[in-house]
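In listed order, ligands and their atoms are each counted from 1. Since we're looking at a predicted model, the values are computed, not measured.
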Amino acid sequence: MKKKWWKESVVYQIYPRSFYDSNGDGVGDLRGIIEKLDYLQELGVNVVWLSPVYQSPNDDNGYDISNYRAIMDEFGTLADWEEMLAGMHQRGIRLIMDLVVNHTSDEHPWFVESRKSKDNPYRDYYIWRPAKDGREPNNWFSFFSGSAWQYDQATDEYYLHLFSRKQPDLNWENPAVRREIYDMMHWWLQKGVDGFRMDVINMISKVPGLPDAPVTSNSRYQFGGRYFINGPRLAEFLQEMKDEVLSKYDIFTVGETPLVSPEDAVALTHEESGYLNMLFQFEHMEVDVDRGATTRLNLVPWRLSALKQVMTRWQKGLEGQSWNSLYLSNHDQPRQVSRFGDDGRYRVESAKLLATFLHMLQGTPYIYQGEEIGMTNVKFDSIEEYRDIETLNAYRELVEERGLDRQAVLAGIHAKSRDNARTPVQWDDGEQAGFTTGEPWIKINPNYRAINVRQALADPHSIFYYYQKLIRLRKENPVVVYGRYDLILEEDEAIVAFTRTLEGDRLLVILNFTAGGPVFELPGQISFAGQELLISNYEVDAAEPLHHLSLRPFEARVYRLSGA
Ligand code: NOJ
């Protein structure tokens, strides 16, 4: 396996709106990020993925872009951005930007032109179709509820939007669109950007004819994924992007790709023949999702064996060929400690356990802002407090149109809403958690008095310092980055355990995912002469015999086995 800087990195994701507000308008900004660079350096991360900061009307918080070469007014200026980048580079931190090119904003000048007339030169930049039998051109639903088509009076046609109606899909079949995108990518790379995270990049190629989706539910619109996910020209488009842009720079590329399998991932990211460095896969994000439901906002209990199976499939499926990206949360997912750990009594222990799990797998770990202090989900009492378009549209559809019980829908929102991840970073226990001196754009999680950065930095046993240590271990031990992964105790519903092996070096990772006290029995085939404790989230007698360990709630331990 080839050594690469992007394999050895740890990424920190910044969702700028909620990170830190430097000017009191209630919205995080670039100067806010500049002020917190020392904090990131202290944590030890060496790549930042910045969610979109481009000009945007903010229908979907920046994922609807109206100018790819300008900074959103609320976030600052291009000069601020340049200062931020320089500050990162001075600290050995590289910057990857979000590349959102499946769609633009409907306020992008291309779309403004496109909708004017059928013969406008920009018409073919987007996907326009006439009505079919007096209805939408097909039956696909949009990820943000309702039809994926919006009728436009000016030309009496519909345009496709897989996301909000203010996010029209670009027509990648048009070579002029692709040229514009590649030029824009060069423009940022020339400015010194170190790579891209590519938003829903496996949705850019749609099956010609845009056929109706099979009817799998009794709702009005259906899931058309098979006609736009991993579409027929995806590989060709990415090959072209690689030839035209990516191959000319030493950069970090990660594609966001819902519904991919390890086999798809190998095809797209193979070390020799692939187009991107790695993908964000979603299979582990689906262990607690009801696949039959039309909304993600539902509660399904999950099994540890299912999570293990998925992670192992990805670890083994990519081994020696491609590289995993490792994440348990981001701006689209609930907080990991609330979802997979215990955000009550064992919040600290379980946050450290989840961090150990992720950082000890093979791949590049991604930390989502606030995760390093164990931020939790939020439970707003009323839908009025929510800001996320997906949440608001789903609520409207489920409660107002389909008449579902308000409280039940709210319970789903408490568990799964994207706003769980979007409440502002809790910097201290003062007014508005030190995020802003003004009125925040979304309410602060009320638990900020106990959970905040100031507290974490003052406590040597905090989650923050545990992350710092995990990151250091990666830098000091090639086995953490490159070691082969092998699962042990496959069926166990309480413990996740695996080894990592690189030549003569072997690590043993033991994780109790429960609030109970299961016993860990080391399988006989693992032989070794000595043991060294690398990290643990409880006080541990480092010499305790590994053959039989009584684990404490959410206990995590990593050993180096010698003389194996
Ligand atoms: C995925 C992004 O992560 C999400 O936040 C956004 O809403 C959609 N893509 C549409 O851009």
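Here is the list of ligand 1 atoms found below 4.0 Å of a heavy atom in Phe144: 7 (O). Those atoms of ligand 1 with a heavy atom of Glu256 less than 4.0 angstrom away are 1 (C), 3 (O), 9 (N). Interface of His103 with ligand 1, defined as ligand atoms under 4.0 Å from a residue heavy atom, comprises 10 (C), 11 (O). Within the listing of ligand 1, atoms 4 (C), 5 (O), 6 (C), 7 (O) sit less than 4.0 angstrom from a heavy atom of Arg418.
Of the heavy atoms in Gln333, none comes closer than 4.0 Å to ligand 1. Of all the heavy atoms of Phe280, none lies under 4.0 Å from any atom of ligand 1, so neither backbone nor side chain is involved. Within the 4.0 Å heavy-atom criterion, the part of Arg422 lying near ligand 1 is the side chain and not the backbone.
Residues His331 and Asn61 have side chains that never bring a donor and an acceptor to within less than 3.5 angstrom of each other. Using modelled atom types, one finds a donor on one side chain and an acceptor on the other under 3.5 Å when comparing Ser261 with Asp264. Side-chain contact of Ser338 with Asp343: a donor-acceptor pair under 3.5 Å is present, judged by distance alone. Ser105 and Ser66 share no side-chain donor-acceptor pair at under 3.5 Å. Defined by atom type and a distance below 3.5 Å, a donor-acceptor pair is missing between the side-chain atoms of Asn277 and Trp323.
Residues meeting the side-chain hydrogen bond (donor to acceptor under 3.5 Å, both in side chains) test with Glu439, sequence neighbours left out: none. Thr423 meets the side-chain hydrogen bond (donor to acceptor under 3.5 Å, both in side chains) test with no other residue; sequence neighbours excluded.
The nearest heavy-atom contact from the protein to atom 8 (C) of ligand 1 is Phe163 CE2, 3.8 Å. Of all protein heavy atoms, the one lying nearest to atom 7 (O) of ligand 1 is Asp60 OD2, 2.5 Å. Looking at atom 11 (O) of ligand 1, its nearest protein heavy atom turns out to be Asp199 OD2, 2.7 Å. Annotation: atom 3 (O) of ligand 1 to nearest protein heavy atom, Asp332 OD2, 2.5 Å.
For Met198, the closest heavy-atom approach to ligand 1 does not fall below 4.0 Å.
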Intermediate values then yes/no, ring pair (Phe, Tyr, Trp, His ring centres under 6.0 Å), Phe111 and Tyr126: CA-CA 7 Å; Phe111 191 76; Tyr126 296 87; 4.9 Å; yes
